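Below is one structure, written out as structure tokens, with a few remarks after it.
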Amino acid sequence: MIGVLIVDDHEVVRQGLRFVLEQEADIEVVGECSNGRRAITAIRALRPDVVLLDMVMPDLDGLAVLAAVRDEPPAVVVLTSFQEDERVVEAVRAGALSYLPKTTAVERVVEAVRAAASGGSVLEPGVAALLVRQIREGERPQALDVLSPREREVLAGLARGRSNRQIARELSLSEETVKSHVSSILAKLRLADRTQAAIFGLQQGLVPLESALGTAPDPAADRSRRS
């Protein structure tokens with residue numbers, strides 16, 4: 001079971017998310033919080049697998065929550081009504097795996113919860129394009145030539161939003177080997193987390209942006225369907 005903590009200051013939003021998630025056999029809502037301070041306490045006490053986190057709340061906002069739990073972070077999916085450039089980038093840098101507007105379809109939210117539980121990311125096209133632009137305009141990490149050929153393949157999987165399990169299956173590796181490659185990639189490129197690595201992979205052209213956003217056919221997926 002994937003344990004989910006819902007953090008949002010609007011009761012109607014929390015009720016709606018709980019209803020949607022509890023329809024899924026593999027997801028359990030372990031708690032709800034209406035502000036950031038309570039969220040920090042609940043994260044430490046309940047140890048949820050995934051946190052659905054609002055960015056703008058009374059007491060402490062979503063960024064403060066991410067900063068407070070950074071040493072032992074759960075997988076965080078940000079759901080917000082606000083999509084300012086600076087806030088999106090700050091949330092990703094603080095460790096959020098996915099950043100979705102509250103207008104996102106419920107199926108996409110469920111997909112993001114499952115992806116986050118296995119270390120994957122789900123980004124709406126507009127958010128992904130924004131992050132690519134921000135990283136392109138900001139300080140660039142080292143070039144791809146510091147990575148081994150296998151690490152480049154793993155980085156391409158991250159850029160497609162794949163989880164460690166999916167990458168392992170596609171490359172015929174163990175999950176532990178993929179996890180080791182991800183750690184090495186982050187260290188070599190001086191990146192904070194796998195989401196930043198994914199965006200860097202897009203920036204470097206390892207995966208066409210249209211493919212990663214689902215607007216063009218994915219050759220790996222096509223091969224899987226034919227096999």
Side-chain angles (χ1 to χ4, degrees), residues 2 4-5 7 39-40 43-44 47-53 55 61-80 85-100 111-124 127-144 146-147 150-168 175-204 206-207 209 212-213:
I2 302 171
V4 178
L5 176 68
V7 182
I40 294 169
I43 289 169
R44 291 170 176 167
R47 301 289 182 182
D49 300 304
V50 178
V51 176
L52 286 176
L53 180 65
M55 289 303 289
D61 66 9
L63 289 175
V65 173
L66 286 166
V69 301
R70 185 150 195 171
D71 290 340
E72 299 180 54
V76 174
V77 175
V78 170
L79 281 174
T80 182
D85 291 11
E86 183 177 350
R87 190 174 293 272
V88 173
V89 175
E90 286 180 358
V92 171
R93 285 176 175 165
L97 285 173
S98 298
Y99 196 106
L100 303 175
E111 177 188 354
V113 167
R114 290 200 177 104
S118 58
S121 301
V122 172
L123 297 172
E124 290 298 286
V127 174
L130 166 64
L131 292 173
V132 171
R133 186 174 72 248
Q134 288 286 339
I135 290 178
R136 182 180 293 126
E137 293 172 354
E139 180 180 352
R140 295 191 179 192
Q142 300 174 27
L144 282 174
V146 301
L147 303 181
R150 180 63 82 185
E151 286 170 344
R152 292 191 189 194
E153 291 178 326
V154 172
L155 180 57
L158 295 178
R160 289 189 173 92
R162 303 290 198 262
S163 67
N164 286 352
R165 178 177 300 176
Q166 291 170 320
I167 295 172
E175 286 189 57
E176 283 303 313
T177 298
V178 172
K179 184 177 179 181
S180 176
H181 282 315
V182 171
S183 297
S184 178
I185 290 167
L186 297 181
K188 288 181 177 181
L189 296 178
R190 295 177 294 177
L191 297 170
D193 53 45
R194 60 189 296 126
T195 302
Q196 287 191 15
I199 299 302
F200 178 68
L202 291 173
Q203 176 202 355
Q204 294 296 312
L206 284 179
V207 178
L209 183 58
L213 300 181

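This structure is a prediction, so every number in the text was calculated from the model and none was measured. When reading the values below, keep in mind they use all heavy atoms of this one structure, side chains included, and skip hydrogens, waters and symmetry mates.
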If you round to the nearest 0.5 Å, how far is [atom2] of [Y] from [atom1] of [X]?
{"X": "L186", "Y": "L191", "atom1": "CG", "atom2": "CG", "result": "6.0 Å"}
{"X": "K188", "Y": "E151", "atom1": "NZ", "atom2": "CD", "result": "3.5 Å"}
{"X": "R194", "Y": "I185", "atom1": "CZ", "atom2": "CD1", "result": "9.5 Å"}
{"X": "L147", "Y": "L189", "atom1": "CG", "atom2": "CG", "result": "4.5 Å"}
{"X": "L158", "Y": "Q166", "atom1": "CG", "atom2": "CD", "result": "11.0 Å"}
{"X": "N164", "Y": "H181", "atom1": "CG", "atom2": "NE2", "result": "11.0 Å"}

Measure across [X] and [Y] and return the closest heavy-atom pair with its distance rounded to 0.1 Å.
{"X": "V77", "Y": "A116", "result": "CG2-CB, 3.8 Å"}
{"X": "A112", "Y": "L100", "result": "CB-CD1, 3.7 Å"}
{"X": "I167", "Y": "R162", "result": "CG1-CB, 3.5 Å"}
{"X": "P74", "Y": "V51", "result": "CG-CG2, 3.6 Å"}
{"X": "I43", "Y": "P48", "result": "O-CD, 3.6 Å"}
{"X": "E153", "Y": "R150", "result": "OE1-NH1, 2.7 Å"}

Walk me through it: do D61 and M55 pass the test side-chain contact (heavy atoms from CB on, under 4.5 Å)?
-> CA-CA 6 Å; D61 66 9; M55 289 303 289; over 6 Å; no
Indicate yes or no for a side-chain donor-acceptor contact from S121 to the backbone of L97 under 3.5 Å, with no hydrogens or angles considered.
->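 Between the backbone of L97 and the side chain of S121 there is a qualifying donor-acceptor contact (under 3.5 Å).
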Any chance you could lay out the side-chain contact (heavy atoms from CB on, under 4.5 Å) test for V7 and V65, step after step, and finish with the verdict?
-> CA-CA 10 Å; V7 182; V65 173; 5.7 Å; no
Worked verdict on F200 versus L155 for side-chain contact (heavy atoms from CB on, under 4.5 Å) | CA-CA 9 Å; F200 178 68; L155 180 57; 4.3 Å; yes
Which is it for Q196 and D193 under the side-chain contact (heavy atoms from CB on, under 4.5 Å) test, yes or no, and what are the steps along the way?
-> CA-CA 6 Å; Q196 287 191 15; D193 53 45; 3.6 Å; yes
